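Below, read A as the first sequence line, B as the second, and so on, with proteins coming before strands; counting in each chain starts at 1. Predicted model, so just to flag it, every value in this text is computed and none were measured.
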Protein chains: 2
Amino acid sequence: MSRTTLRDIAEKVGVSVTAVSRALSGYPDISEETRNRIFRTAEELNYQPNIAARTLVTQKSGVLGLFVLGREKGEGFSHPFSGQVINGFLDGLVEEEYDMMVFKANRPPDSGSLSYIDLCKRRMVEGAFLMGLRTDDPWIADLKESTIPIVTIDMPLAGEMTFSVGCDNVSAVHAAVRHLAELGHTRIAIVNGYKQASVSRERFEGFKSALDDLGLPFDPSLVAEADFTVAGGKQAFLSMIDRVSDMTAVFAASDLMALGVLEGARERGLNVPKDLSVVGFDNIEMARMSSPPLTTLDQPRYELGQTAAKILISACNGETPPSRVLLKANLIVRGSTAEQSKGKPAKGVVRQAH
Amino acid sequence: MSRTTLRDIAEKVGVSVTAVSRALSGYPDISEETRNRIFRTAEELNYQPNIAARTLVTQKSGVLGLFVLGREKGEGFSHPFSGQVINGFLDGLVEEEYDMMVFKANRPPDSGSLSYIDLCKRRMVEGAFLMGLRTDDPWIADLKESTIPIVTIDMPLAGEMTFSVGCDNVSAVHAAVRHLAELGHTRIAIVNGYKQASVSRERFEGFKSALDDLGLPFDPSLVAEADFTVAGGKQAFLSMIDRVSDMTAVFAASDLMALGVLEGARERGLNVPKDLSVVGFDNIEMARMSSPPLTTLDQPRYELGQTAAKILISACNGETPPSRVLLKANLIVRGSTAEQSKGKPAKGVVRQAH
DNA sequence: TCTATTAGGTTTAACGTTTAAGTAATTTCA
DNA sequence: TGAAATTACTTAAACGTTAAACCTAATAGA
């Protein structure tokens, strides 16, 4: 009734356990004939190796860990960004001898709960994949000293065994701002994400350098900060538009925040894109379906995940992959951006709405 | 340099390995004093048990498997439904001694690739969680004869060790149709999902029985079928509205399809909800943000996942949980449904659009 | 013909844990 | 006071693999 083991096969074929092990592992020192008999009975008894036993002796588990960060219960996997990245990561594991284990991140560091490193140790996890933007996670500091490779999305950790993949945020935002400038906009605002995310710094840098390159002045009152969510984006936009009403375009550092800007604009009676152009970042599914559909920067999420898998596996195998890989985010122009209407200052429109 | 083991602790404290094991496991036959010394040195050496070794001897891995079905690469984790369910499932594992391993489903059943059962066997997976609607997955048939418990979302399998959680689709759709009827609609169409999904059968049953109960006639030409996607929903709606133009309301069996209906309606010049009321199913994030925001049936995704975890764990522990659990899906009324405008037949509007 | 090599295995040990079966010293209680 | 029970351990075995070391018979090379 219990599972078949190497021993069962060995007894049935009439050889030693080692012979069976070596035959199944493809070592050449087993004769053609015995090998065949071994394979046949293995098939017959539907043998599946016990990976726990193998792990114990080889000290390699074939397990990669996935940690999904985020502060709220709901945030982790349900973020519109995560799914495709994970799909890509998993597909990057196909053909490889690795499986993926998901760990509950976000657990408070109270007594009793384990650090990410400790969780990995127990299961002999060979490498970890970290998603989520919070650089202030209490367990993250440890990771820099990890002895197993760790790859993150959008969160460079500067450790010996840490790697990161992400998009070239600077040049992506640069393209977005250039797009707006080419449409005639000069008063361009930014709704950025929170500072704890390294992408926020990069996107801001892209924003400023683009203004510089395009010869546009930088106005600090056109900078707002939010938490990457719809509600946050809306709030940030509203308090900004109420202070300075002559802006004609907004770059939001995430599509969710851009959708919030859209909501806010509607509330203030501003027509997008006639009165206000809006550009997002991410190209989540929703971006296609908003009205107007969102002009945004497409993050190649699937490829990000796939690249992460490749890097992690290569690092697990003792190779030394690049510590940072940047993919290109492409501008997708949709309906939320348009030429700035020359004669009519947006100011007037806003007043009208009040 | 290598990891600390029970042996290291035993040597340092001066007792046997067994004593250390029993002390750490909380057995009462170790004296208070030795126990304390053991705990202290365990802490000191930062001991983490080797779960592979434990698994080998106890024959319990503490691993639950997650299989995400779907036909396309992109479908699995990125479906707007999956994220919250997985979050709920993971949170259902907190406080339990289980971890979750994700397996690549969707692999072709060619020679060389393993069945779900075999994948579980190798890793000594104790129970599996299956998501995704395809009852025609080539490996699913095997699952009915599984000896480890399997819990599915929305896919009853009728096996000895299979369990399923889902929503009470029949009564949910019933509520949706009643809502439309109360708004004065009598020509109500349904855009259902594909037949391979058991939810499609149930939702259709709810649809028909509601018409019955409300004294409305059932018209087969008001029934269309699609693949749960936006594009599919739009296509199905368009070909239906072009055949029979006097419908005033549509129930779509998923929000994605409902969004497709919205697109289709816009294309035909129909105003939602003035000319056409639309109800979806799922309450995905996008549903709040479409214009108009979608009236829909809220599936408690997080709770579905949590319930699945509870059932699976209880089955793993030898208990006998109910083989089917149905949660309630609540109607969320938003802007996509309205009173049917009496005098003006929708027909006229459609003509006008052409 | 004798030694060295090779082919095709076998034996033994090890991985780190748990559990069953002892055992020696102390305590209980009749 | 002496047998029985209890306390606080230890020893030995097992889980299912892999890997290193060893063995034997046949073959090759000189």
### Task
Measure from CG on A:Leu6 to C1' on C:dA14 and round the result to the nearest Å.
16 Å
### Task
Over all heavy atoms of both residues, which pair between B:Arg37 and B:Val13 is shortest? Give the atoms and the distance, please.
NH2-O, 2.9 Å
### Query
Just wondering, more than 12 heavy atoms not from A:Glu43 lying within 6.0 Å of its CD?
no
### Query
How long is the line joining CD of A:Gln48 and C1' of D:dT17, in whole Å?
15 Å
### Query
Under the 3.5 angstrom rule, does the side chain of B:Thr34 hit a backbone N or O of B:Ile30 as a donor-acceptor pair?
no
### Message
Quick check on DNA chain D: between B:Val15 and A:Tyr47, whose nearest nucleotide comes earlier from the 5' end?
### Response
B:Val15
### Query
When the distance from CG of B:Asn50 to P of D:dG16 is rounded to whole Å, what number comes out?
16 Å
### Query
Looking only at side-chain N and O atoms, does A:Tyr27 come under 4.0 Å of OP1 or OP2 in D:dA19?
yes
Do any N or O atoms of the protein come closer than 3.5 Å to N or O atoms of nucleotides 20-22 of chain C, and which pairs are they?
none

#### Entry: OP1 or OP2 of C:dT18 under 4.0 Å from side-chain N/O of B:Ser21
yes
Under 3.5 Å, which N/O atoms of the protein pair with N/O atoms of nucleotides 4-8 of chain D?
none

### B:Gln48 backbone acceptor or donor facing B:Arg3 side chain under 3.5 Å
yes
### Message
What is the separation between atom CZ on A:Arg3 and atom C1' on D:dG16, rounded to the nearest whole Å?
### Response
9 Å
### Task
Could you pick out which residue, B:Val57 or B:Ala19, lies toward the 5' side of DNA chain D when each is mapped onto its nearest nucleotide?
B:Ala19
### Query
Got B:Met100 and B:Phe89 here, is their nearest side-chain heavy-atom distance under 4.5 Å?
yes
### Query
About how many Å separate CG of A:Asp91 and CD1 of A:Ile86, when rounded to the nearest 0.5 Å?
12.0 Å
### Task
Give the C-alpha distance, both sets of side-chain angles, the deciding distance and a yes or no for ring pair (Phe, Tyr, Trp, His ring centres under 6.0 Å) between A:Phe129 and A:Phe67.
CA-CA 6 Å; A:Phe129 179 31; A:Phe67 294 85; over 10 Å; no
### Task
With the side chain counted from C-beta on, respond yes when A:Thr55 and A:Lys60 share a heavy-atom pair under 4.5 Å apart, and no when they do not.
no
### Query
So A:Arg122 and A:Leu114, side-chain contact (heavy atoms from CB on, under 4.5 Å) or not? Walk me through it.
CA-CA 10 Å; A:Arg122 309 177 134 230; A:Leu114 297 162; 3.3 Å; yes
### Task
Would you mind reading off the distance between B:Ile9 atom CD1 and C:dT18 atom P, rounded to a whole angstrom?
11 Å
### Query
Which pair of non-hydrogen atoms, one from B:Leu143 and one from B:Thr162, has the smallest distance, and what is that distance?
O-CG2, 4.0 Å
Using the 3.5 Å cut-off, write out each protein N or O paired with an N or O of nucleotides 23-28 of chain C and the distance between them.
none

## Note on the structure
Heavy-atom nearest nucleotide on DNA chain C taken for B:Ser25 and for A:Gln59; more 5' hit belongs to A:Gln59
### Message
Are B:Leu24 and B:Phe39 packed together at the side-chain level, in the sense that at least one heavy-atom pair is separated by less than 4.5 angstrom?
### Response
yes
### Query
What's the CZ-C1' distance between A:Arg54 and D:dC15, to the nearest Å?
16 Å
### Summary
To the nearest angstrom, the CG-C1' distance between A:Leu24 and D:dG16 comes to 13 Å
### Query
Starting at the 5' end of DNA chain C, which residue's closest nucleotide do you reach first, A:Ser16 or B:Arg7?
A:Ser16
### Task
Starting from P on C:dT17, measure out to CE on B:Met124 and report it in whole angstrom.
17 Å
### Query
Looking at B:Arg40 and B:Glu44, does any basic side-chain N land under 4.0 Å from a carboxylate oxygen?
no
